[in-house]
Amino acid sequence: AMTYLWYEAKDREKAKRYIGLVRAADKFPDDLGLAALHARMLKDEGDPRAAAKVLEDFSTANPDDELRQLAMARWYIRGREPEKALSTLSRLEAKPDLPKKVVNTLNVYKVQALIGAQQYTEAKSAADDLIANPSTSTAGYLMKAALAFRERDEKLGVELLEKARESNPR
């Protein structure tokens with residue numbers, strides 16, 4: 001409900017009061033959605049450092065929680081801090097026995113962060129790894145297409161977009 005109030009700009013003041021009360025009371029310390037919404041509110045209000053701190057605190061409160069780490073990496077990618085995202089992903093990647101879904105998401109975020117860090121050769125290689133995995137092949141094709149367009153290779157970009165469409169016939 002608070003997400004709706006905030007994102008749809010229905011009653012942002014009410015959403016801020018509620019989030020403030022819940023976070024101050026530490027009612028739901030493990031609620032990723034609540035932490036992400038709180039960070040988004042702070043960012044939208046013009047305080048990106050406080051927003052990042054909310055998620056960093058949330059992430060470091062339980063470093064063994066893969067979803068917290070992925071959320072932090074995603075925040076860094078969206079905030080155009082790819083080096084921080086890569087560092088977070090590297091720490092997560094070093095953990096043994098990660099669930100397959102976490103590994104797949106981590107690998108997609110890794111390519112996004114590499115592109116953001118302008119490490120295009122590494123991004124292409126990581127995108128090839130995505131393509132080799134049926135669960136992430138569509139994302140891999142899309143990211144390689146973006147890289148091809150970035151290099152002004154429109155023919156290859158269009159071919160990769162077609163492969164992305166074919167790999168996900170929904």
Side-chain angles (χ1 to χ4, degrees), residues 1-95 97-120 122-123 126-127 130 135-136 138-143 145-147 149-150 164 168 170:
M2 292 306 109
T3 303
Y4 172 76
L5 290 175
W6 185 260
Y7 286 112
E8 298 300 320
K10 297 297 181 189
D11 191 344
R12 286 188 162 199
E13 287 306 312
K14 186 175 189 176
K16 282 188 343 190
R17 285 192 310 272
Y18 177 79
I19 295 296
L21 288 172
V22 170
R23 298 289 288 172
D26 207 21
K27 283 281 193 190
F28 304 100
D30 294 328
D31 189 323
L32 174 59
L34 191 62
L37 178 58
H38 184 202
R40 179 58 188 252
M41 287 176 168
L42 290 167
K43 184 177 179 187
D44 289 352
E45 296 275 305
D47 197 348
R49 286 195 175 137
K53 176 131 178 56
V54 164
L55 286 181
E56 286 167 357
D57 290 349
F58 184 79
S59 174
T60 57
N62 187 348
D64 293 328
D65 184 338
E66 294 94 5
L67 295 181
R68 289 178 191 233
Q69 305 315 310
L70 287 173
M72 193 71 244
R74 183 174 183 222
W75 179 267
Y76 286 139
I77 291 166
R78 287 184 166 190
R80 303 194 194 301
E81 297 182 81
E83 292 80 13
K84 288 183 178 181
L86 289 168
S87 176
T88 300
L89 293 169
S90 178
R91 285 190 305 275
L92 181 57
E93 196 172 28
K95 294 176 65 175
D97 303 322
L98 290 171
K100 190 173 191 172
K101 189 172 184 174
V102 170
V103 171
N104 290 343
T105 304
L106 182 152
N107 289 334
V108 169
Y109 287 176
K110 184 177 181 179
V111 176
Q112 291 174 335
L114 287 166
I115 291 171
Q118 299 180 358
Q119 296 178 23
Y120 301 126
E122 295 87 347
L130 293 177
S135 297
T136 58
T138 302
Y141 285 123
L142 290 172
M143 290 182 200
L147 288 163
F149 286 123
R150 180 181 299 275
N168 188 9
R170 291 186 222 165

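For clarity, every value in this text was computed on a predicted model and none was experimentally measured.
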For this session: Measure the CD1-CD distance between I77 and Q112 for me, rounded to the nearest 0.5 Å.
Result: 5.0 Å

Problem set entry | Closest non-hydrogen atom pair between L147 and Y120, with its separation | CD2-CD2, 3.5 Å

Exercise. If you take all heavy atoms of A85 and A113, which pair is closest and at what distance?
Worked result: CB-CB, 4.0 Å

Seminar exercise, completed: All heavy atoms of E56 vs all of M72, minimum pair found to be N-SD, 3.4 Å

Problem set entry | Side-chain (T88) to main-chain (K84) donor-acceptor, under 3.5 angstrom | yes

Exercise. Taking only residues two or more places apart in sequence or in another chain, which ones pass side-chain hydrogen bond (donor to acceptor under 3.5 Å, both in side chains) with N104?
Worked result: N133

Exercise. Is it the case that more than 12 heavy atoms not belonging to K95 sit under 6.0 Å from its NZ atom?
Worked result: yes

For this session: Might you work through the side-chain contact (heavy atoms from CB on, under 4.5 Å) test for M143 and V108, ending with a clear yes or no?
Result: CA-CA 9 Å; M143 290 182 200; V108 169; 3.3 Å; yes

Exercise. Between L130 and T136, what is the shortest heavy-atom contact and its length?
Worked result: O-OG1, 2.8 Å

Seminar exercise, completed: Shortest non-hydrogen pair, A126 vs V111, comes out as CB-CG2, 3.5 Å

Exercise. Could you give all pairs that pass the salt bridge (charged side-chain N to carboxylate O under 4.0 Å, His left out) test and reach residues 100-115, with sequence neighbours left out?
Worked result: E93-K110

Problem set entry | L42 vs K53, side-chain contact (heavy atoms from CB on, under 4.5 Å): CA-CA, chis, key distance, verdict | CA-CA 10 Å; L42 290 167; K53 176 131 178 56; over 6 Å; no

Exercise. What pair of heavy atoms forms the shortest contact from L70 to L89, and how long is it?
Worked result: CD2-CD2, 4.3 Å

Problem set entry | Stepwise side-chain contact (heavy atoms from CB on, under 4.5 Å) test for I115 and R150 | CA-CA 10 Å; I115 291 171; R150 180 181 299 275; 3.8 Å; yes

